[in-house]
Amino acid sequence: MGILRLAHVDVVVTDLDLATAYYTEVIGMLETERDADSVYLKCWDEPGHHSLRLVYGPRVGFDQMSFRVERESDLDELENAVQRYGFPVSRVSKGDRIGQGESITFQTPSGQVMELVHDIEFVGRSTARVNPSPVVEGLKGIAPPRMDHVLVTCEEVGEATKFYESVLGFRTTEQLLDGQGHQVATWMERSHSPHDLALVTGKNGGLHHFAYWLDDWDHVRRSADVLAYNGIQVDVGPTRHGITRGNTIYFFDPLGTRNEVFTGGYRPDPDFPTITWTEDNIGRAVFYYEGDLNTRFMTVHT
Ligand SMILES: [Fe+2]
């Protein structure tokens, strides 16, 4: 019961055609639908209607993060829990949003708009449901099988983490503490992966990056080839995170939103004891090989 996984990330772009070209040709997502102001995209192994919505707007930014809940009744329970915490909740009716049914939205203590939805339109994966081939022909670019996680920024990581844990049921897999023992960043999961959602100290409401899942390190290497071939600005990597133990590349879409490809890590059970990193090890915590953060690390959009 409760939150299953990340459903979709909605980002604001100032050039819908440029962004769509990048996310279909370089990332290799599939366009499932478009309307007057948005393009809806999915990865080839995702059954749902979309995992990324590009919304046209005058300034690049973060519109919302949407998570899927396991049961329809979870929406009522989580709506009550968020309201009890003191945050107003809006209901979005079936038919109001493309590719999904009724949902609830609210602003979180970390300043992002969060949506919870159960009813998602399933359009199907690119593989057969019976006797599927592991190989899918005709994919372009990096072609990640699915979206993985989102990392957002906020001023009070400790307070926000408490909300995500106690109200929404997230489990904290890792935390980065400053010298006074305060949480500077946290990594939380609902899907038995190292993280579905992570928070790092910064502006309230910011998006640091969203990440695509890759199946192995070889796919990370091939992604670096695709990025270099297409002249994409790589931020960091290929490298490894100390936190999550994942292999990674950070890079920017043509409008400046940070993307990540991610693989590896561990598989936490619900009783996974939280791992702690201390701030004097922040470099290795984030980029294990470099042992240092670059100057762009805190570039975010709100
Ligand atoms: Fe990440």
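For ligands, and for the atoms within them, numbers begin at 1 and follow the listed sequence.
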- Heavy-atom distance under 4.5 Å between the side chains of W217 and P238, does that happen here? yes

- Any N/O/S of H208 under 2.8 Å from the Fe ion (ligand 1)? no

- Check: T14 side chain, V60 main-chain N or O, donor-acceptor pair, under 3.5 Å: no

- Under 3.5 Å, is there a donor-acceptor pair between the side chain of D269 and the main chain of F272? no

- Message: Counting backbone and side-chain atoms alike, is an N, O or S atom of H209 positioned under 2.8 Å from the Fe ion (ligand 1)?
- Response: yes

- Message: Under a plain distance cut-off of 3.5 Å, with no hydrogens placed, do E165 and T172 share a side-chain donor-acceptor pair?
- Response: yes

- For the Fe ion (ligand 1), find the closest N/O/S atom on E260 and give its atom name. OE1

